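Everything numeric in this text was worked out from a predicted model, so none of it was measured.
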Amino acid sequence: MHAETETAARENLVLVLTIPVEPEEIDPDADLAGRYSLTSLNKVLFLTSLCDETGTELSRFTERDLARMTTLREVVEAVTPSTVEAV
């Protein structure tokens, strides 16, 4: 995973979780809804803030793309190509 994007993802994710978790404690392969109780609304808030921070256009993702992002690793991998292109 791209280190800067992963750090940004972890930090933005913990801001929307309803359970207390430290950024470094998040398992990158855990289901975000199942393990961390991430709701669909909080997922949108998380992805919006992450895309804002990384300079990624949220509009480049389809509804299907967003549904496939179920783990932190999947989110980081989806956002990273845009981050690298934007630099």
About how many Å separate CG of Leu38 and CD1 of Ile19, when rounded to the nearest 0.5 Å?
9.5 Å
Would you say Lys43's side chain and Leu66's backbone share a donor-acceptor pair under 3.5 angstrom?
yes
Test of understanding: with salt bridge (Lys or Arg N to Asp or Glu O under 4.0 Å), list the residues that count as partners of Asp29, not counting sequence neighbours.
Arg73
For residues Glu53 and Ser49, is any side-chain donor paired with an opposing acceptor at under 3.5 Å?
no
Do you know the tightest heavy-atom contact between Met69 and Leu47?
SD-CD2, 4.1 Å
Would you say Glu25 has more than 12 foreign heavy atoms packed within less than 6.0 Å of its CD?
yes
Hey, which of Thr48, Asp52, Val79 is the one that makes side-chain contact (heavy atoms from CB on, under 4.5 Å) with Leu58?
Thr48
Write down the atom of Leu72, the atom of Phe46, and the distance for their closest heavy-atom approach.
CD1-CZ, 4.3 Å
Are the side chains of Val16 and Leu41 in touch, meaning some heavy atoms are under 4.5 Å apart?
no
Between Glu74 and Arg68 the two heavy atoms that sit nearest each other are OE1-O, 2.9 Å
Minimum heavy-atom distance between Arg10 and Pro23, given as atom pair plus value
NH1-O, 2.7 Å
Shortest non-hydrogen contact from Arg60 to Thr56?
CD-CG2, 4.1 Å
Can you tell me how far apart CG (Asn12) and CG (Leu45) are? Round to the nearest 0.5 Å.
10.5 Å
Do Val75 and Leu50 have side chains that get closer than 4.5 Å, going by heavy atoms?
yes
Could you check if a side-chain atom of Tyr36 sits within less than 4.5 angstrom of a side-chain atom of Asp31, using non-hydrogen atoms only?
no
Taking the side chain as everything from C-beta on, heavy atoms only, tell me whether Thr18 gets closer than 4.5 Å to Asn42.
yes
